Amino acid sequence: MTASKRVLVTGTLGLAISLAACSNSVMLTSARMCSATGGTYTANVCSQGTGKQVTAVQMCLGHGGVYDSVLDMCQIPSSSK
């Protein structure tokens, strides 16, 4: 991942978490989490340009969240900020 992509990912996730500062958690779609890293999301898998593939569950757990397979969303508790 290039330095500019890292800045974009950090800023995007930081903004999402900051906006949820007054709540107990933030909910992010798996597709949004994937696109924030410059990846393409298909069938619960985020494919990076480098050939790396990460499942929705792995992305969510990597951010300290809990994955909801029905909604295909990640709930990141405020305590993981």
Side-chain angles (χ1 to χ4, degrees):
M1 182 181 320
T2 65
S4 60
K5 283 187 181 179
R6 272 188 242 129
V7 170
L8 177 63
V9 170
T10 303
T12 302
L13 290 175
L15 177 62
I17 292 172
S18 296
L19 291 174
C22 295
S23 67
N24 292 332
S25 63
V26 63
M27 294 286 287
L28 295 171
T29 65
S30 300
R32 179 163 295 227
M33 291 176 70
C34 180
S35 67
T37 64
T40 303
Y41 188 70
T42 307
N44 294 344
V45 176
C46 180
S47 300
Q48 304 291 321
T50 61
K52 180 179 176 184
Q53 293 186 327
V54 181
T55 67
V57 174
Q58 290 170 325
M59 281 191 302
C60 185
L61 293 175
H63 291 288
V66 176
Y67 180 70
D68 183 333
S69 61
V70 174
L71 298 175
D72 192 24
M73 295 185 82
C74 181
Q75 182 175 9
I76 303 171
S78 60
S79 62
S80 69
K81 293 182 199 175

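Worth saying up front: this structure is predicted, and the values here are computed from it rather than measured.
A search for side chain to side chain contact (heavy atoms under 4.5 Å, CB included) contacts involving T55 returns V57, Q58, not counting sequence neighbours. In terms of the side chain to side chain donor-acceptor pair (under 3.5 Å) criterion, residue partners of Y41 (sequence neighbours excluded) are, by chain and number, N44, D72. Listed by chain and residue number, V70, L71 satisfy the side chain to side chain contact (heavy atoms under 4.5 Å, CB included) test with D68 (two or more places apart in sequence, or in another chain). For the side chain to side chain contact (heavy atoms under 4.5 Å, CB included) test, residues two or more places apart in sequence or in another chain that qualify with C74 are M33, C60, I76. Among residues two or more places apart in sequence or in another chain, the side chain to side chain donor-acceptor pair (under 3.5 Å) test is passed with S47 by Q53. By the side chain to side chain contact (heavy atoms under 4.5 Å, CB included) test, V66 is found to be paired with no residue, residues two or more places apart in sequence or in another chain being considered.
Rounded to the nearest 0.5 angstrom, C34 SG and M59 CE are separated by 5.5 Å. Taking CD of Q75 as the start and OH of Y67 as the end, the distance is 13.5 Å to the nearest 0.5 Å.
Cluster membership check: V54 does not share its hydrophobic cluster with V45, using side-chain heavy-atom separations under 4.5 Å among Ile, Leu, Val, Met, Phe, Trp and Tyr.
C46 and T37 get closest at one heavy-atom pair: SG-OG1, 4.1 Å. Heavy atoms only, all atoms of each residue included: P77 and G65 are closest at CD-CA, 4.2 Å.
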